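Data block below; observations after.
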Number of protein chains: 2
Amino acid sequence: MAPEVERVAPSTAPRSADVARVAGVSRKTVSRVLNGEPYVSDEARRRVLAAAEELGYRLNHAARALASGRTRSIGVVALGTAGYGTASLLVRIEHAVRDAGYTLRVVNTPDGAPEDIAGAVASLLEQGVDGVVVSEPIVKGDVPLRLDVPALFIGAPPAPSFTANRTLTVGVAAHELARAATEHLLDLGHQTVHHLAGPRQWYATKDRIEGWQAALAARGAHEPPLLNGDWSAASGYAAGRALASDGSVTAVFAAGDEMAIGLIHALREAGRRVPEDISVVGFDGNPVFAYVSPPLTTVRQPFEAAAREGIRLLVHAIEKPGAELPPADEPPVELVVRGSTAPPPSRPGGSVLRTT
Amino acid sequence: MAPEVERVAPSTAPRSADVARVAGVSRKTVSRVLNGEPYVSDEARRRVLAAAEELGYRLNHAARALASGRTRSIGVVALGTAGYGTASLLVRIEHAVRDAGYTLRVVNTPDGAPEDIAGAVASLLEQGVDGVVVSEPIVKGDVPLRLDVPALFIGAPPAPSFTANRTLTVGVAAHELARAATEHLLDLGHQTVHHLAGPRQWYATKDRIEGWQAALAARGAHEPPLLNGDWSAASGYAAGRALASDGSVTAVFAAGDEMAIGLIHALREAGRRVPEDISVVGFDGNPVFAYVSPPLTTVRQPFEAAAREGIRLLVHAIEKPGAELPPADEPPVELVVRGSTAPPPSRPGGSVLRTT
DNA sequence: GTGAAAGCGCTAACAT
DNA sequence: ATGTTAGCGCTTTCAC
């Protein structure tokens, strides 16, 4: 027997060879059992499992990844802001990924700057992820980036400079949701609807603006100037203070629940009643805002559906590179009418004519 | 020259050998440059970097992990609920981990059941993480679990059955925060303070209850029966309905902002004024609740500090296994007094005597 | 300062 | 149904 040279730290952890020895089979058979491959006798399978259990064996994913070229992991580039929307989308994604038998690697981009997104994707690629999901891309100044794994975009199509092995997009119905919110207000009898938008670089912002514009245009309503916020309640509050002095506004659609809350607060502080004088609709569907005064009318983003559907598509693209993709379900559009919206106050003189 | 057999998919991606060839150096030198090791001439370093750039080379982390036995990644077991508290803690952790030069692997446990936590940790270990962080452990029915990497517990000490190579704990000052919230109410003149707690299995729940009890005991105040919620606004609302009919309660400390919001809503619906009749304090510090009526008095969890401090400790334990740990800073305790708290209504008869 | 050789623990391809 | 052999792409050891 050749003298085995002891290595410095002979890593006491059991390896597949140990399992094979204890079970009395070959390493390959152990591998087959652990990967659920066919052509293993029940007897062998049982022995392997017992041996693994007995030894406290834990598979080494790095070795598997190196040998197989796959990691069974999916990377996600998320916005590092703890807003309800992004956070709950991330939780849904994690769940869907885990259900699909993959693990998750997360890289946050603090403010979603394009070069940060590129860097985040590069970092995920080095980690060898089998697929990438970009949850809320930025619209402007995209950085060219190529990847050789499938990529899923949630909520927005990728920038043209983005080239992937395969590119998938699943919507969160932002346009339709914004449109539904605006139409709800118009249906209530408001002459027009103001819009408090998020930061302009966000795709999400753009979609909501366009949905709002579409609803206005369809009714021939006048399009008032945009209000700008940064998703925070504080920015909604600032917008509300500016708006409160303008007696002509009777309805506002805010691009986020928190901005809507800040807006309402400023309006009320200024003596304007909500919803009697001004109606406000939010965007996101955070359930806690059913318990404030007035309960916030909002629109619910179908994160659960988008995450599940998107990951399904992504995993399909990873596992069956050739096959055509199953069609994506359309995400549901859900308007949650609560107490922050009402018909506009009747005009002095009772006129319904537009006062352009 | 021996005939090289072409493999089926010769993976077009450049490897370190390609970089070495282009740079005119050995693979080992490439490795040295990529790892920032000393003993490389500036000239060699420059050529390697240029070659890597030119080829679009990306290091293979799986191979590195296999060879070195380290992944430079940290795994976190998080509660898969999108509450503000847990979500923002996770974001802070991700940031701290990234700043330390590590990558993050996340596994959510939907409801934090002990066996789920054990499974999550096992999954992370298979992935070869260099360290583990358990962000909000459960108190009851712990599953024995051994790990050979350092583990960081945020907000609670590990269960006794938990054995790690090295165990670190960093607090979020929950006890002190709960105590501060309760004392604030007592200082305002309330005879006692009711507590709306979270689910009992949560460590976080336990800490808050104990802090509340400590404050009460220190003042010799009577300890009323506990109210139970599940962190949701809906559960706070339910508790509020039950409480509204009890004329003796004047102050409530809720273990979460959202529960506080639901509670206040129920109280007001029942005709009780907040803060005039009943004062309410929340827990978490979500800034949006500064913009509701009444603005919520709350207590801010030092997530930023806890995450940064905890990861610093964990990385230290990973990289210097022997060394003594630098002492942990005490997390700051921050009470945010807003509008939901006030002195108790004056008693009929003006008596200040306790009506036991 | 640099390089050659020998694995890390697993799966792939091809036996049998 | 199972085993054998040859790597995956990197870092390690140790020689130069």
Side-chain angles (χ1 to χ4, degrees), chain A residues 2-21 23-48 51-52 55-72 125-128 130, chain B residues 2-21 23-48 52 55 57-72 125-128 130:
Chain A
E4 288 287 327
V5 182
E6 276 292 307
R7 291 184 63 89
V8 270
S11 182
T12 175
R15 297 157 305 174
S16 74
D18 298 318
V19 176
R21 189 170 26 70
V25 298
S26 73
R27 275 160 60 209
K28 179 62 213 179
T29 295
V30 172
S31 171
R32 275 193 265 259
V33 170
L34 265 25
N35 290 295
E37 287 170 25
Y39 306 123
V40 184
S41 68
D42 289 350
E43 170 59 11
R45 179 180 313 275
R46 206 189 44 66
R47 290 223 309 275
V48 167
L55 295 172
Y57 171 74
R58 264 194 295 248
L59 188 131
N60 182 325
H61 272 66
R64 164 189 282 189
L66 185 55
S68 69
R70 300 222 3 232
T71 56
R72 290 198 72 84
L125 258 21
E126 282 195 348
Q127 292 180 59
D130 294 340
Chain B
E4 287 289 325
V5 183
E6 276 292 307
R7 290 184 64 88
V8 271
S11 181
T12 175
R15 296 156 307 173
S16 75
D18 299 317
V19 176
R21 191 170 24 69
V25 298
S26 74
R27 276 160 62 209
K28 177 60 214 180
T29 295
V30 172
S31 170
R32 274 195 264 260
V33 171
L34 266 24
N35 290 295
E37 288 171 24
Y39 304 121
V40 184
S41 67
D42 288 351
E43 170 60 12
R45 181 180 310 276
R46 206 189 45 66
R47 291 223 309 273
V48 166
L55 295 172
Y57 171 73
R58 264 196 293 248
L59 188 132
N60 181 324
H61 272 66
R64 164 186 282 187
L66 183 55
S68 70
R70 302 230 354 239
T71 57
R72 288 197 74 84
L125 258 20
E126 284 194 346
Q127 293 179 60
D130 295 338

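Sequence lines set the chain letters: A, B, ... in the order given, protein chains first and strands last, and positions in each chain run from 1. Small disclaimer: the values here were computed from a predicted structure and weren't measured.
Distance check on atom C1': C:dT11 versus C:dA15 gives 16 Å, rounded to whole Å.
When all heavy atoms of A:Val19 and A:Val48 are compared, the pair lying nearest together is CG1-O, 3.8 Å. Across every non-hydrogen atom of A:Ala65 and A:Thr71, the tightest pair is CB-CG2, 3.8 Å. When all heavy atoms are compared, the tightest approach of B:Arg45 to B:Val33 is CA-CG2, 3.8 Å. In terms of heavy atoms, A:Asp130 sits closest to A:Arg70 at OD2-NE, 3.5 Å.
When rounded to the nearest whole Å, the span between CZ of B:Arg32 and C1' of C:dG3 equals 8 Å. Atom CG of A:Leu59 is separated from atom P of C:dC10 by 6 Å (rounded to the nearest Å). The interatomic distance linking B:Arg46 (CZ) with C:dT2 (C1') rounds to 17 Å, in whole Å. Atoms CZ (A:Arg64) and C1' (C:dA12) sit 14 Å apart, rounded to a whole Å. The CG atom of B:Asn35 sits 18 Å away from the P atom of C:dG1 (whole-angstrom rounding). The nearest whole Å value for the distance from the CG atom in A:Asp18 to the P atom in C:dC10 is 9 Å. If you take CZ of A:Arg21 and P of C:dG9, they are 13 Å apart, rounded to a whole angstrom. With rounding to whole Å, B:Asn60 atom CG is found 7 Å from D:dC10 atom C1'.
Put simply, CZ on A:Arg58 and OG on A:Ser16 are 15.5 Å apart, with the number rounded to the nearest 0.5 Å. The distance from the CG atom of B:Asp18 to the CZ atom of B:Arg27 is 10.5 Å, given to the nearest 0.5 Å. To the nearest 0.5 Å, atom NZ of residue B:Lys28 and atom CD of residue B:Glu37 are 4.5 Å apart. Distance CG/B:Asn35 to CG/B:Leu59: 7.5 Å, rounded to 0.5 Å. The CZ atom of A:Arg32 sits 5.0 Å away from the OG1 atom of A:Thr29 when rounded to the nearest 0.5 Å. Expressed to the nearest 0.5 Å, how far CD of B:Gln127 lies from CZ of A:Arg72 amounts to 12.0 Å.
A heavy-atom distance below 4.0 Å to DNA chain C is reached by these residues of residues 36-45 of chain B, ordered by number: B:Tyr39, B:Val40, B:Ser41, B:Ala44.
If A:Ala67 and B:Leu66 are placed on DNA chain C by their nearest nucleotide, the residue sitting closer to the 5' end is B:Leu66.
For A:Arg58 against C:dG9, a side-chain-to-base donor-acceptor contact under 3.5 Å is absent. With hydrogens and angles left out, the side chain of A:Lys28 and the base of C:dA12 share a donor-acceptor pair within 3.5 Å.
Between B:Arg15 and D:dG9, a side-chain N or O to OP1/OP2 separation shorter than 4.0 Å is present. Residue B:Ser26 places at least one side-chain N or O closer than 4.0 Å to OP1 or OP2 of C:dG3. Within the structure, every side-chain polar atom (N or O) of A:Thr29 is placed at least 4.0 Å from both OP1 and OP2 of D:dT2. For D:dG9, neither phosphate oxygen OP1 nor OP2 lies less than 4.0 angstrom from any side-chain nitrogen or oxygen of B:Ser16. Side-chain nitrogen and oxygen atoms of B:Ser31 include at least one within less than 4.0 Å of the OP1 or OP2 phosphate oxygen of D:dT11. Put simply, B:Tyr57 has no side-chain N or O that comes within less than 4.0 Å of OP1 or OP2 on D:dG9.
With a cut-off of 3.5 Å on both pairing distances, the Watson-Crick and G-U wobble pairs of DNA chain D assemble into stems of 3 or more at C:1-11 with D:6-16, C:13-16 with D:1-4.
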